[in-house]
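Report on one structure; see the data block that follows.
Just so you know, ligand 1 is whichever comes first in the structure, and atom 1 is the first atom listed for that ligand. All values reported here derive from a predicted model rather than from experimental measurement.
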Amino acid sequence: MTVERVKDRLSAEIGELATISDADPPAVTRVVFTPTDLKARAWLRARCEQAGLAMRQDPIGNLFARWQGSDPDAPAIGTGSHIDAIPNAGKYDGVVGVLGGLEAIRTLQLRGFRPRHSIELLVFTSEEPTRFGVGCLGSRLLSGSLSADAARKLVDRDGNTVEQARRNAGLSGELENVKLPDDYYKAFVELHIEQGPLLEQHKVPVGIVTRIAAPASLRVFFEGAGGHAGAVLMADRKDALCAAAELILTIEDSARNSGAPDTVATVGMCDIFPGAVNSIPSRVQLSVDIRDTNLSRRDALLHALGNACDAIQAKRRVAIRQELLNADAPAECAPAIVEALSKACRKLRLPSLPMVSRAYHDSLFMSRIAHVAMLFIPCRNGYSHRPDEYASPEDIANGTLVLAETLAALSA
Ligand code: GLV
Ligand code: MN
Ligand code: MN
């Protein structure tokens, strides 16, 4: 029976891919262009080739696996997601959309379906911002949301540029050639775990995304004065970490008091220099991640952050500099694809819930050049970006079959 086959194969493949990781199980860590990421890509490529898909990789490493349609000139139907994973992540974020997309294609092949529009599985490079600070590197370039010049110059913590890292990963060609023409895809559909608790709470197996929230991220640099932890009196200090701490709490406060529960803000990284127990921190770098479903409310928080930097700098005599990495608009999903997803759910007798995606996804950027929509499946307790992230084989199989129906309808 189809559901059982899909369940078994996907569980086995998700488990196998999770073993290609730089963390001890059950955690998964797979950072872009590391040897582990390259090994995972090779593993995936072999699976796509076994399915008879034609492979191509672009200069940033986005992988395209195409099932050729009977009308090769018609725009393709795209699906896919990412296989990079943040440090200490789980097995399912991104992977369900990639292996589920491949399984949807294999399911249609087994049924003897013949697409008119080609169906293409897309595996995006570096959806996660772990290494270069900016998420969705591959889809930003594909959609022209980030210029080749700006992408080349992004640096990791060790000072390696994207340009060096991709060349070391064996990628050639110019980043200028990554952008896809606006008529390349007729539609793009991404399957993903919800990363929130709503589907589980409502006991609904499928979420149909209508909107993706607007993300922004920054780095904030603090420069004060170091010194001896015993000898420098409190009145004489310019402690960069104390200034950073004040900013962190101000950001939290502004997000909590934005007037809407949709505003979220996170400081997830804090680098302290020199980082010694008996030394006053002289330099600190913070990462700030701010999101909202409403663009002007998100921008108001960015503005409040700027004002807080000015006030803390004056009060504490610590120099503060902000570097805006991205501030993206939200995306609306295309009504026709949303309807195709609803129809597929009805056909499979699966209840569905309309939802907003608070996480960003490559679909946010694909929406700049194509009609997009997303479908979510439940994940236990809404956990994601942690090792105990879990989606049941049954929910994954259901999502995959909804995706297969949708791809079939869109590609006919
Ligand atoms: C994607 O991983 C996100 O942070 O929303
Ligand atoms: Mn993620
Ligand atoms: Mn993801």
### Query
Can the ring centres of F376 and H361 be said to be less than 6.0 Å apart?
yes

### Summary
Which atom of D93 is nearest the Mn ion (ligand 2), counting N, O or S only? It is OD2

#### Entry: At the Mn ion (ligand 3): angle between H82 atom NE2 and H192 atom NE2, to 10 degrees
120°

### Query
Does Q195 approach ligand 1 within less than 4.0 angstrom via side chain, backbone, both or neither, non-hydrogen atoms only?
neither

### Task
Would you mind telling me if ligand 1 is within reach of the side chain of H361, the backbone, both or neither, using heavy atoms under 4.0 Å?
neither

### Task
Using distance alone, with no hydrogens and no angle criterion, decide if T125 and R140 have a side-chain donor and acceptor under 3.5 Å apart.
no

### Query
Side chains of D292 and N294: is there a donor and an acceptor less than 3.5 Å apart?
no

### Message
Can a side-chain donor-acceptor contact be found between N88 and H385 if the only test is distance below 3.5 angstrom?
### Response
no

### Task
Distance to 0.1 Å, residue and atom name: give those for the protein heavy atom nearest to atom 2 (O) of ligand 1.
E128 OE1, 3.0 Å

### Task
Any atoms of ligand 1 less than 4.0 Å from a non-hydrogen atom of H385? List them with their elements.
2 (O), 4 (O)

### Task
Show which atoms of ligand 1 fall inside a sub-4.0 Å distance from at least one heavy-atom site of A359.
5 (O)

### Task
Examine the proximity of ligand 1 to R291 and report which part, side chain or backbone, both or neither, has a heavy atom under 4.0 Å away.
side chain

### Query
Any chance the side chains of R116 and S70 put a donor and an acceptor closer than 3.5 Å?
no

### Query
Are any N, O or S atoms from E128 nearer to the Mn ion (ligand 2) than 2.8 Å?
yes

### Query
So, T34 and T36: side-chain donor and acceptor under 3.5 Å apart, yes or no?
no

### Query
Any chance the side chains of T29 and D22 put a donor and an acceptor closer than 3.5 Å?
no

### Query
To which protein heavy atom is atom 1 (C) of ligand 1 closest, and what is the distance rounded to 0.1 Å?
E127 OE2, 3.3 Å

### Message
Regarding E120 and Y185, do their side chains bring together a donor and an acceptor under 3.5 Å, going by distance alone?
### Response
yes

### Task
Answer yes or no: does an N/O atom from Y360 fall short of 3.5 Å to an N/O atom of ligand 1?
yes

### Query
If you measure from each heavy atom of R358 to ligand 1, is any distance below 4.0 Å?
no

